[in-house]
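Since the structure comes first, as structure tokens, the remarks are kept for the end.
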Amino acid sequence: MHDEGMKGHMIMMNLDAKAHYTISQTAQVPKISIDLTMNTQIKDVPPWLNVTANKDILKLENL
């Protein structure tokens with residue numbers, strides 16, 4: 001993970017995941033969209049990342 005010039009690694013364990021697939025055939029080649037919702041446990045985060053701050057939580061959700 002990296003943000004504003006900061007780099008670091010984090011460990012996340014997947015506890016549960018649900019996937020929702022949408023297939024559209026508007027052109028010759030079909031388009032597949034996947035919406036993935038994951039329930040994870042965070043084991044380790046970089047020291048510059050505050051997982052209790054809303055702005056940092058949003059960064060994690062959009063990885």
Side-chain angles (χ1 to χ4, degrees):
M1 134 166 251
H2 51 82
D3 181 42
E4 298 174 8
M6 307 288 277
K7 291 185 180 182
H9 297 280
M10 61 188 305
I11 299 172
M12 297 174 68
M13 183 169 53
N14 184 22
L15 303 175
D16 185 37
K18 296 191 186 315
H20 179 17
Y21 302 92
T22 305
I23 302 171
S24 63
Q25 182 79 37
T26 57
Q28 284 186 340
V29 179
K31 177 182 173 183
I32 301 173
S33 297
I34 303 170
D35 182 27
L36 182 62
T37 303
M38 296 175 63
N39 182 12
T40 61
Q41 181 180 27
I42 300 172
K43 293 283 194 173
D44 192 19
V45 295
W48 50 265
L49 186 66
N50 181 2
V51 294
T52 61
N54 285 337
K55 66 179 185 82
D56 288 343
I57 292 171
L58 290 172
K59 290 176 190 175
L60 293 175
E61 289 177 349
N62 292 315
L63 287 177

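Because the structure is a prediction, the values reported are computed rather than measured. Heavy-atom basis, side chains included; hydrogens, waters and symmetry copies ignored.
Cluster partners of Met38, using a side-chain heavy-atom cutoff of under 4.5 Å among ILVMFWY residues and allowing indirect links, are Leu36. In the hydrophobic clustering, where aliphatic and aromatic side chains (Ile, Leu, Val, Met, Phe, Trp, Tyr) are joined below 4.5 Å either directly or transitively, Ile32 groups with Tyr21, Ile23, Ile34.
The NE2 atom of His9 sits 10.0 Å away from atom CD1 of Ile11, with the distance rounded to the nearest 0.5 Å.
Residues meeting the salt bridge (Lys or Arg N to Asp or Glu O under 4.0 Å) test with Lys7, sequence neighbours left out: none. For Asp35, there are no salt bridge (Lys or Arg N to Asp or Glu O under 4.0 Å) partners, not counting sequence neighbours.
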All N/O donor-acceptor pairs, side-chain side in residues 51-59, below 3.5 Å, sequence neighbours left out:
residue: Thr52; atom: OG1; partner: Asn50; partner atom: OD1; Å: 2.6
residue: Asp56; atom: OD1; partner: Lys59; partner atom: NZ; Å: 3.4
residue: Asp56; atom: OD2; partner: Asn50; partner atom: N; Å: 2.9
residue: Lys59; atom: NZ; partner: Asp3; partner atom: OD2; Å: 2.4

Only distances under 3.5 Å count here; give the side-chain donor-acceptor pairs of residues 39-47 to other protein atoms, sequence neighbours excluded, each with its distance to 0.1 Å.
none

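The two residues Gln25 and Gln28 have their closest heavy-atom pair at NE2-O, 3.3 Å.
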